[in-house]
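Residue numbers begin at 1 in each chain, while the letters A, B, ... track the order of the sequences.
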Number of protein chains: 2
Amino acid sequence: MELKNNKILIADDEPDILEIIQFNLAAEGYTVYTAKNGDEAIESAKRYQPNLIILDVMMPGKTGIEVCNILRLQPVFDQTLIIFLTAMSDEKTEIEGLETGADDYLTKPISPRVLVTKVNALFRRINKEDNGVLQAGDIQIDRERYLIIHKGEELLLARKEFELLALLASKPGKVFLRNEILNQVWGTEVIVGDRTIDVHIRKIRQKLGLDCIKTVKGVGYKFEL
Amino acid sequence: MELKNNKILIADDEPDILEIIQFNLAAEGYTVYTAKNGDEAIESAKRYQPNLIILDVMMPGKTGIEVCNILRLQPVFDQTLIIFLTAMSDEKTEIEGLETGADDYLTKPISPRVLVTKVNALFRRINKEDNGVLQAGDIQIDRERYLIIHKGEELLLARKEFELLALLASKPGKVFLRNEILNQVWGTEVIVGDRTIDVHIRKIRQKLGLDCIKTVKGVGYKFEL
DNA sequence: TCGGGTTATTATCAAATTGTTAACGGAAAC
DNA sequence: GTTTCCGTTAACAATTTGATAATAACCCGA
């Protein structure tokens, strides 16, 4: 049903727990990496750039909280989800963890079903494109079928046009800087001129027939109603 | 978005890289200093007290990591952001750097766009006021959507007007000297006459229809109520 | 009240930014 | 092997913005 192209890193010093979690998440379709201690976790995190990191708090060497603190220092891990595994009702730890910016907790012993549920819930929250369809105003953006639906009519956009519109519509109202647009739609490697964006914007406006993309001069573009 | 009164020091022994980085960051409105080796870097850092230091790891004399360690010893550089430039995927160095307290990494070859994005992101993290809504009296300043909301009505300001108002409203009551305003909104590079500020103030007053910007004769302007 | 210094206002011009169109090369489709 | 479509660019038009100059209005103290 879903394309779970999400990477998860698990760090725990107990091999049994590691295996249970790995098995259950892999069965859900996630790509799972493991680490046996804090240092391994940091290394793996940097290498694989996982979307979610599950950290045991009690680990030899660096604790989960220390790992979290170190990772959060880097913007790369700004958006990364982090879940802590704690021994039962360790309130002090929870408070401490909260401050380091964890997204959720799990207390041992772990129920595989609870785990999977929480993980799914977290990702659902992040990937708004839940069922592949992004709703913005009366416009539907179907990522899976790569088309726009406006008032029942299906509209076919070219790839770049589609991605550009999808980006803008992903946060209605937000002004996207030209830089942001280039990064998200064209990637960081390619170098294209500034006019390129304009031309694509124009094509979208033309095909949509709606004035839903506003120009904010000197700043960028935004999608609005 | 253009509160870039930030100073950046770059240290690299390759003149080409130095120039590329300098050019791109200067274009973003940062004030940029350069150094050709570790010792120069330390000297410049002490002299200019930059907000961000970009250090090549491999440099003749002192390496970037050594420079970092030396600087971090002094409380003055406690809060200074540090980014390392490393050869491609040198994980060992990255781990080592992390421990010395770097804030981010860039791997060569450098993409100017990635560089600019990361630098902006770092500063945004420090100056948290960047996104989110700033509430001042019954006026909301929405940085993300780049508009002013007053009594439910959305008001569009030109870029400089917006930045200027955002600056004044960021500290209601505080009198901003003309110099401060110039530095914050126009940056230290650009040179504009004094009347320019007046004109922008006037436009804001006009568009807002409110008397919320007070003149403090001989001193500057302040935002109030 | 007058004068010096400062700010307000206005119109104007230059520069920056974006819009538009056409055209070209290349990839994909036929 | 054509043909079509896409992405990009260049060139130019249109628009908006920002800076300045010139002038009026203001405030304060002498």
Output all residues satisfying side-chain contact (heavy atoms from CB on, under 4.5 Å) with Arg202(A), sequence neighbours left out; order by chain, then residue number.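 Arg202(A) satisfies side-chain contact (heavy atoms from CB on, under 4.5 Å) with Gln206(A) once adjacent residues are dropped.
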Non-neighbouring partners of Leu156(A) that pass side-chain contact (heavy atoms from CB on, under 4.5 Å), sequence neighbours left out: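 Listed in chain order: Leu147(A).
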Got a sec, which residues hit ring pair (Phe, Tyr, Trp, His ring centres under 6.0 Å) with Tyr33(A), two or more places apart in sequence or on another chain? Tyr48(A)
Taking ring pair (Phe, Tyr, Trp, His ring centres under 6.0 Å) as the definition, give me every residue that meets it alongside His150(A), ordered by chain and number, with sequence neighbours left out. none
Integer-rounded Å distance: [N] [atom2] and [X] [atom1]:
X: Arg202(A); N: dC6(D); atom1: CZ; atom2: P; value: 15 Å
X: Ile181(A); N: dT18(C); atom1: CD1; atom2: C1'; value: 13 Å
X: Ile201(A); N: dT17(C); atom1: CD1; atom2: P; value: 17 Å
X: Arg205(A); N: dT21(C); atom1: CZ; atom2: C1'; value: 16 Å
X: Asp198(A); N: dA10(D); atom1: CG; atom2: P; value: 14 Å

For residues 160-179 of chain A, pull every pair meeting ring-ring contact (aromatic ring centres under 6.0 Å, His included), keeping only residues two or more places apart or in separate chains.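 Every pair satisfying ring-ring contact (aromatic ring centres under 6.0 Å, His included) with a residue in residues 160-179 of chain A: Tyr146(A)-Phe162(A).
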Five pairs at each end of the helix from dT1(C)-dA30(D) to dC30(C)-dG1(D): take the axis at both ends and give me the angle between them to 10°. 30°
What does Tyr221(B) touch in the nucleic acid at a heavy-atom separation under 4.0 angstrom: a base, only the sugar-phosphate, or nothing?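 Sugar-phosphate only.
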Counting just side-chain N and O atoms, does Thr215(B) come under 4.0 Å of either OP1 or OP2 of dT6(C)? no
Can you build the contact string for nucleotides 14-30 of chain D? Use B for base contact, S for sugar-phosphate-only contact, and - for no protein heavy atom under 4.0 Å. -BBSBSB-----BS---
Pairs of donor and acceptor atoms involving the side chains of residues 55-65 of chain B, under 3.5 Å and at least two apart or interchain, shall be tabulated with distances.
{"unit_1": "Asp56(B)", "atom_1": "OD1", "unit_2": "Lys108(B)", "atom_2": "NZ", "d": "3.2"}
{"unit_1": "Asp56(B)", "atom_1": "OD2", "unit_2": "Lys108(B)", "atom_2": "NZ", "d": "3.4"}
{"unit_1": "Lys62(B)", "atom_1": "NZ", "unit_2": "Asp39(B)", "atom_2": "OD1", "d": "2.7"}
{"unit_1": "Thr63(B)", "atom_1": "OG1", "unit_2": "Ile65(B)", "atom_2": "N", "d": "3.4"}
{"unit_1": "Thr63(B)", "atom_1": "OG1", "unit_2": "Glu66(B)", "atom_2": "N", "d": "3.2"}

Between Glu14(B) and Lys36(B), does any side-chain N to carboxylate O distance fall below 4.0 Å?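 No, no charged N to carboxylate O under 4.0 Å.
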Only pairs under 3.5 Å count here: list side-chain donor-acceptor contacts from residues 218-225 of chain A, not counting sequence neighbours, and write none if there are none.
{"unit_1": "Tyr221(A)", "atom_1": "OH", "unit_2": "Asp198(A)", "atom_2": "OD1", "d": "3.4"}
{"unit_1": "Lys222(A)", "atom_1": "NZ", "unit_2": "Arg145(B)", "atom_2": "O", "d": "3.2"}

DNA chain C: Arg178(B) or Gln206(B), which has the more 5' nearest nucleotide?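 By nearest-heavy-atom nucleotide position, the 5'-most residue is Arg178(B).
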Decide whether Arg205(B) and Thr215(B) meet the rule of one side-chain donor and one side-chain acceptor closer than 3.5 Å.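 Yes, Thr215(B) and Arg205(B) have a side-chain donor paired with an acceptor closer than 3.5 Å.
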